Amino acid sequence: MQENYQPEILETNIQKNWQEEKKFVVSENSTKENFYCLSMLPYPSGHIHMGHVRNYTIGDVITRYQYMLGKNVLQPMGWDAFGLPAENAALEHKLSPATWTYKNIAEMRKTLKRLGFAIDWSREITTCKPEYYRWEQWLFLRMYEKGLVYKKKSAVNWDPVDQTVLANEQVINGRGWRSDALVERREINQWFLKITNYADELLEYLDKLPGWPEEVRAMQRNWIGRSTGASIDFPLQNSQEKINIFTTRPDTLFGVTYLAISPAHPLARTAAEKNNNLKDFIQKHQNIKSAEADIATLEKVGMPTGLNAIHPLTKEVIPIWVANFVLMEYGSGAVMSVPAHDQRDFEFAKKYSLPIKGVIKLKDNKEWDFSASALTEYGVLYNSNMFSGLSSEEAIPKIISQLEELKLGQKQIHYRLRDWGVSRQRYWGTPIPMLNCPKCGTVPVAEKDLPVLLPENVVLNDPRSPLLSMPSFLETTCPKCGEKATRETDTFDTFMESSWYYARYCCPDQNSAMLDERANYWLPVDQYIGGIEHAILHLLYARFFFKVMRDFGLVKADEPFTNLLTQGMVLKDGSKMSKSKGNTVSPEDMIAKYGADTARLFIIFAAPPEHSLEWSDSGVEGAHRFLKRLWSFAYTQKSLLLEQNEKQISLSEINAEQKNIRREMHKILKQINADMERKQFNTVASAAMKLLNILQELTKDSKNNAYPIQEGFSILLRILSPITPHITQYLWSELKFGPDITITSWPKVDEQALETTAIELMVQINGKLRGKITAPKNVTQETALELALREENITKYVTKETVKKIILVPGRLINIIAPLRN
RNA sequence: GCCCGGGUGGCGAAACAGGUAGACGCAAGGGACUUAAAAUCCCUCGAUCCGUAAGGGUCGUGCCGGUUCGAUUCCGGCCCCGGGCACCA
């Protein structure tokens, strides 16, 4: 053992040993209980960043802890390798997206290995490889067969100069990021997955995921947004046509004073044919970004179409307006407007001097004053024919029944959740296994012809997909009629790959099926770890895919992730570490300077996993200082520890003072166990520091304290092992605690050591802390009061006679309620 | 705009189920060692007031209010910061 801590040599040697002995390669043939610990797979952007280090360190702490609890633990790793940045980099650097991606993966894999994670690298997945994405194409075809796939027109951002579709991210202030051209909205045919078929189950099962953070479940619940209401038809004046709307407030139906339709609504288009003003208006307002945030914050404007509808119950004539805030993608692209009882409609009506007709009174029968705002709560109906006088709750089903009788409406359940559009007009993605036959129309690729290979050796010269001009890819034959056909050139949304990768890790080498029985051995994932930014989209899509795979008989469970930990961001100087802000810290540099254990310890210690983590260079040095102290403790106590490890002194020989020390140490261990279970790892690191402080104190009399020093250090090394596996593994074997700390069992609390006869009680007077007393363990109120009244600082305020009430919280405090003496 | 979080010393944080606010660490100040520096070790460290001191008082967990013997913790209202909003991943 060297006198100085030299992490680089020590860590790389240990990592070499782990690799050679295949220490973390796991199989399904184990008698141990299994545990699947998964961190979200990285996008291979070029370098591992601190967010990755944090994510995988948290995952590794959990993995190694589970190993020490005696389980068969799978921790895999892979690459979410398709995506937009590869195309951008390829354009810039004049190389193929594939070359760029594989180079990045090699670089990043090296860094992850240097961090010493207990990963089973034999199961590595790269999603841009055909052996992976072919099964995604296969699943898509199964979904197509089962009616879960359909095609519909949907809006995209179109760059008229670059002649290409832009991602939302590539639209800056309404202009293309490269061309600076004003972006247009275009409707194109795209593939959709019917996630809404699973809306109810996705919602219902949120209540069956106690291992998920409540905030994530709440976000998903709101995102799915199940609401009960009515679908209502408003017949058009002088026409056989009807406008269909959905409302959650049929009780306000008599207050409708206009209808609002989307600029993309077919009726708006029709009306515009004869109305140039309207045509201009529609033109102007259809080019907005479709992001919900943009729509919600934009100024609400509209224009009358000149068309009218007939109120389904009153037969009143209702004007139809085009409004920029109504989305075609949402429901039917039309809404009924009740300015008196909806705040947005209210503001719109004020702006355009549309009538505001009150139909709901407050529950106490007082009429609302409509001069400033709408009354949006439930109340009592008026101005509503036969329904006047009913409460909103009573009126809703009755109004719906009347609409049903008239065949102009019915009760309806509406979801905010929309079907998942999976087409992307990009090159670097999984080809959609569909083709167009001039005779047969849209035809799925035959299963035997999978995978549809994405040509990799492609240099990008302009932002348009090279697939569009590549006959070798485009030209094929129709599996139905054998005639010439062309391939679909769109690729899948990359969320497709990340929706099932966790299942493929179980059997990555299976080349005749998507999944096999090994999937059911490991799944569901016991612990999933990733950024909170994935709380909705990725996690909802993955849950959807899992349920689809279950319904296809590929997996048995209902949910993919039993426990979820959403880790916070890594910040520096108060904002997210990112290349664009120029505030990144390189993990490679940090490891080179301090070693992987320091990096891991700092990241675990600096904040609880769910919180954002503020970077601090001096904090890193603090973590390193602790490891140096740990090393030098082992170095200076080496002979004592070696001797004691051959069992020189036994527990029965220890004295009262050492018993107190053991009580303190086992109390700390008990807290550590609780913190490990609730995954508050920062306080586990704190506790380790506390333990080392205690041990260092004990060395002042190391001869007599050999027992607690050896026991305490053995506990310390083991509880630190998941966080800093290298230094602890070295010291563990060097000091002859045992051969291999990674599979040593987690330390157990000695309940006997915790026993005590005397406790400390805080003394409060009227809730204010005034002193403390030492009392017997099961002290009564009377005795506690008596003991308290022996304290000068207590008798200063109260006497026995003035005491009105005593509150004793066992083991904590006694609160004496008494009027204060003058 | 909507949905979901968060706000505690100079800083990161802790306080398990409403019961000692600030554990552990960083920074800072003082000291030891050293020719010196680095490293290491020891001490102090929320604000403020009284006291030579020992010690004690008051205030203090974003702001305003409520419940309670007692609130960082529960309830109502507000302010600020962060995440997501369906083509960034």
Side-chain angles (χ1 to χ4, degrees), chain A residues 40 42-43 45 80 82-85 156-157 165-171 190 213-223 225 290-298 325 329 344 416-426 493-495 498 531-538 540-541 566 568-569 571 574-576 602 605-608 610-623 625-626 628-629 632 671 674-675 678 680 682-683 685-690 693 760-770 772 792-793 796 804-807 809 811-817:
Chain A
M40 289 182 186
Y43 175 77
S45 58
D80 189 16
F82 278 133
L84 190 57
V156 292
N157 306 308
V165 173
L166 300 179
N168 282 342
E169 190 188 53
Q170 299 171 308
V171 180
Q190 308 199 63
E214 180 48 45
E215 81 220 57
V216 174
R217 291 189 282 159
M219 279 191 264
Q220 292 213 349
R221 216 172 273 134
N222 292 329
W223 185 264
S290 59
E292 195 184 288
D294 293 313
I295 292 154
T297 49
L298 88 127
F325 55 84
E329 283 85 356
R344 187 183 63 186
R416 211 185 76 93
L417 179 69
R418 313 200 297 254
D419 277 336
W420 177 11
V422 294
S423 298
R424 295 294 179 270
Q425 297 69 42
R426 305 261 162 69
D493 177 3
T494 56
F495 273 124
S498 54
I532 183 71
E533 66 274 18
H534 296 293
I536 296 176
L537 292 181
H538 161 61
L540 195 64
Y541 292 146
T566 51
M569 289 187 310
L571 313 176
S575 62
K576 184 176 176 169
F602 167 73
F605 177 60
E610 269 113 343
H611 284 204
S612 57
L613 182 154
E614 183 68 39
W615 190 263
S616 155
D617 289 331
S618 51
V620 175
E621 289 189 26
R625 200 174 298 148
F626 170 75
K628 282 195 284 187
R629 279 177 58 209
S632 97
Q671 184 61 52
D675 288 348
R678 64 177 172 146
Q680 186 174 285
N682 57 322
T683 48
S686 299
M689 293 172 184
K690 232 186 264 187
N693 291 345
E760 200 175 54
L761 276 185
M762 296 302 122
V763 184
Q764 291 186 342
I765 295 170
N766 300 327
K768 269 191 197 255
L769 184 69
R770 296 297 180 193
K772 54 183 166 184
E792 199 189 329
N793 204 42
K796 234 162 89 181
K804 281 203 170 150
K805 191 178 166 188
I806 306 164
I807 293 149
V809 183
R812 292 246 180 218
L813 60 80
I814 174 170
N815 189 6
I816 303 166
I817 313 303

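Not measured: the values here are computed from a predicted model.
A distance-only check finds a donor-acceptor pair linking the side chain of A/Gln170 to the backbone of A/Ala167 [under 3.5 Å].
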#### Entry: Worked verdict on A/Glu621 versus A/Ser618 for side chain to side chain donor-acceptor pair (under 3.5 Å)
CA-CA 5 Å; A/Glu621 289 189 26; A/Ser618 51; over 6 Å; no

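Base engagement by A/Ser423 is indicated by at least one non-hydrogen atom pair under 4.0 Å involving a base atom. Using a 4.0 Å heavy-atom distance criterion, A/Phe605 is classed as a base contact. Counting any heavy atom pair closer than 4.0 Å across all strands shown, A/Met569 reaches sugar-phosphate atoms only and no base atom. Note on A/Pro608: only backbone sugar-phosphate atoms sit closer than 4.0 angstrom, heavy atoms only; bases stay farther off.
In this structure, B/G76 shows a glycosidic angle more than 90 degrees from zero, which is the anti conformation. Annotated as anti: B/A86, whose glycosidic dihedral deviates from 0 by more than 90°.
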Protein-nucleotides 69-73 of chain B N/O pairs under 3.5 Å:
unit_1, atom_1, unit_2, atom_2, d
B/C69, O2, A/Asn815, ND2, 2.3

Just the table, please: protein N/O against nucleotides 26-32 of chain B N/O, every pair under 3.5 Å.
unit_1, atom_1, unit_2, atom_2, d
B/C26, OP1, A/Arg625, NH1, 2.5
B/C26, O2', A/Ser618, OG, 2.7

Under 3.5 Å, which protein N or O atoms sit close to an N or O of nucleotides 2-6 of chain B? Give each pair with its distance.
unit_1, atom_1, unit_2, atom_2, d
B/C3, O3', A/Asn222, ND2, 2.7
B/C3, O2', A/Asn222, ND2, 2.8

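For A/Arg770, a side-chain nitrogen or oxygen approaches OP1 or OP2 of B/G57 to under 4.0 Å. Contact check, A/Lys628 against B/A39: no side-chain N or O comes under 4.0 Å of OP1 or OP2. Within the 4.0 Å cut-off from OP1 or OP2 of B/A89, at least one side-chain nitrogen or oxygen of A/Thr494 is found. Within the structure, a side-chain polar atom (N or O) of A/Asn682 is placed less than 4.0 Å from OP1 or OP2 of B/A14. When the side-chain nitrogen and oxygen atoms of A/Asn693 are compared with OP1 and OP2 of B/A23, none of them lie within a distance under 4.0 Å. Within the structure, every side-chain polar atom (N or O) of A/Arg418 is placed at least 4.0 Å from both OP1 and OP2 of B/A86. Put simply, A/Gln190 has no side-chain N or O that comes within less than 4.0 Å of OP1 or OP2 on B/C87.
Straight-line distance from the CG atom of A/Leu166 to the P atom of B/C88: 11 Å, rounded to whole Å. Spacing between atom CD of A/Gln220 and atom P of B/G84 amounts to 15 Å, rounded to whole angstrom units.
Straight-line distance between the P atoms of B/G10 and B/C85: roughly 36 Å, to the nearest whole Å. Here, B/C88 and B/G84 have their P atoms 11 Å apart, quoted to the whole Å.
Checking B/U34 for Watson-Crick or G-U wobble geometry (two distances, each under 3.5 Å) identifies no partner in any strand.
Contact annotation: the side chain of A/Ile532 approaches that of A/Val216 to within less than 4.5 Å [non-hydrogen atoms, C-beta and beyond].
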